[in-house]
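See below for the structure under consideration.
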Amino acid sequence: MLYNEIMANVKRALLIIAPGNFRDEELFETERILETAKIKTTVASSKTGMIKGMLGGTQEVKKSILDINVADYDAVVFIGGSGAAVYFDDAIALAIAEEVARQGKVLGAICIAPSILANAGILQGRKATVFISEKKNLISGGAKYTGESVVVDGRIITASGPAATRDFAWKIVEFLK
């Protein structure tokens, strides 16, 4: 195969983290599992440079959410942690989520991040889950809250928090492979 043909078959996932206080294991474990499955990952945020997670881990971010072209990715995943709340009403983050859904790509969100999808209007009439603190917001956004650890509705995958990370990441792999 030619290089371009090989690269055309490589699946790509964008992992969006908060500019601070992302949930370490939700990022690092999801990224590890996707990379193990030969899915190329890119981490983006509203801030570039070194970003610190809630548990002290750090991630160097080179891509700003301002520079995202959804067409470049097969999946977009919003990582949770307390910092993810900055995206609840962020016009750029909401537009990215809306565009991923419009293009029918895999859209994932874990921990409190499913509230981003609810606030973007994407979960209207869909089954979803979220960290318990955001349950009311999901329901207000029209979602059918299940309380399960990982929920798949169409090409939208939501998860309740750190304990669900492995199952969440493997669900994304399942959709991309």
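Only heavy atoms go into these numbers, but all of them, side chains included; no hydrogens, no water, no symmetry mates.
With rounding to the nearest 0.5 angstrom, the OG atom of S140 is 10.0 Å from the CD atom of E134. A distance of 12.0 Å separates OG1 of T30 from CZ of R23, quoted to the nearest 0.5 Å. Going from atom CD of Q124 over to atom NZ of K144 covers 10.0 Å, rounded to the nearest 0.5 Å. For the atom pair L107 CG and L14 CG, the distance stands at 11.0 Å (nearest 0.5 Å). The CD1 atom of I157 lies 11.0 Å from the CD1 atom of I110; values are rounded to the nearest 0.5 Å. Here F168 contributes atom CZ and E26 contributes atom CD; the two are 8.0 Å apart, rounded to the nearest 0.5 Å.
Side-chain N or O atoms of T129 include one that pairs as donor or acceptor with a backbone N or O of E148 at under 3.5 Å. Judged by distance alone, the side chain of D74 and the main-chain N or O of A13 form no donor-acceptor pair under 3.5 Å. With hydrogens and angles ignored, the 3.5 Å screen pairs a side-chain donor or acceptor of E35 with a backbone N or O of T41. E99 places no side-chain N or O within donor-acceptor distance of the main-chain N or O of V70, the cut-off being under 3.5 Å. At least one donor-acceptor pair under 3.5 Å links the side chain of S45 to the backbone N or O of I17.
Residue A159 comes nearest to V150 through the heavy atom pair CB-CG2, 4.2 Å, listed as atom of the first residue, atom of the second, then distance. In plain terms, the two heavy atoms of V10 and R12 that are nearest each other are O-NH1, 3.3 Å. Nearest heavy atom pair, residue I68 against residue A44, reads CD1-CB, 3.9 Å. The minimum heavy-atom distance between T42 and K63, with the atom names listed, is CG2-CD, 3.9 Å. Residues N137 and S115 approach most closely at ND2-OG, 2.9 Å, considering heavy atoms. Considering all non-hydrogen atoms of both residues, G57 and D24 come closest at N-OD2, 2.6 Å.
Here the side chains of W170 and V173 are in contact, with some heavy-atom distance below 4.5 Å. Annotation: side chain of K38 is in contact with side chain of K177 (closest heavy-atom distance under 4.5 Å). You'll find the side chain of Y145 reaches within 4.5 Å of the side chain of I132, heavy atoms only. Contact of the F78 side chain with the I96 side chain is registered, since non-hydrogen atoms from C-beta on lie closer than 4.5 Å. No side-chain heavy atom of Y87 sits under 4.5 Å from any side-chain heavy atom of N119. A 4.5 Å side-chain heavy-atom check between M54 and S82 finds at least one atom pair inside the cut-off. Between L66 and I92 the shortest side-chain heavy-atom distance falls below 4.5 Å. Taking the side chain as every heavy atom from C-beta outward, F28 and Q59 approach each other to under 4.5 Å.
Neither F131 nor V151 shares a network with the other; the hydrophobic side chains, linked directly or stepwise wherever heavy atoms of I, L, V, M, F, W or Y lie under 4.5 Å apart, form separate groups for each. At a threshold of 4.5 Å between side-chain heavy atoms, the hydrophobic network of Ile, Leu, Val, Met, Phe, Trp and Tyr places V76 and I51 in two separate groups. Hydrophobic cluster membership differs between L117 and F175, with clusters built from Ile, Leu, Val, Met, Phe, Trp and Tyr side chains linked at under 4.5 angstrom. In terms of hydrophobic clustering, with Ile, Leu, Val, Met, Phe, Trp and Tyr side chains grouped at heavy-atom distances under 4.5 Å, I116 and I172 are assigned to different clusters. V152 and I33 fall within the same hydrophobic cluster, where Ile, Leu, Val, Met, Phe, Trp and Tyr residues are linked whenever their side-chain heavy atoms come under 4.5 Å apart, directly or through other members.
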> When you look at V86 and D90, which way does the side-chain contact (heavy atoms from CB on, under 4.5 Å) test go after all the steps?
Replying inline: CA-CA 7 Å; V86 302; D90 182 275; over 6 Å; no
>> Is there a side-chain contact (heavy atoms from CB on, under 4.5 Å) between V43 and K62? Walk through the geometry before answering.
In response: CA-CA 8 Å; V43 178; K62 297 177 182 174; over 6 Å; no
> Can L15 and L34 be said to form a side-chain contact (heavy atoms from CB on, under 4.5 Å), step by step?
Replying inline: CA-CA 10 Å; L15 307 176; L34 294 177; 4.0 Å; yes
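With hydrogens and angles left out, the side-chain atoms of E25 and T165 include no donor and acceptor closer than 3.5 Å.
Counting non-hydrogen atoms of other residues, nucleotides and ligands closer than 6.0 Å to NZ of K105 gives a total above 12. Taking a 6.0 Å sphere around OH of Y73, one finds it holds more than 12 heavy atoms contributed by other residues, nucleotides or ligands. In the displayed structure, K47 atom NZ is contacted under 6.0 Å by more than 12 heavy atoms of other residues, nucleotides or ligands.
Listed by first and then second residue, the salt bridge (Lys or Arg N to Asp or Glu O under 4.0 Å) pairs involving residues 149-160 are R126-D153 (not counting sequence neighbours).
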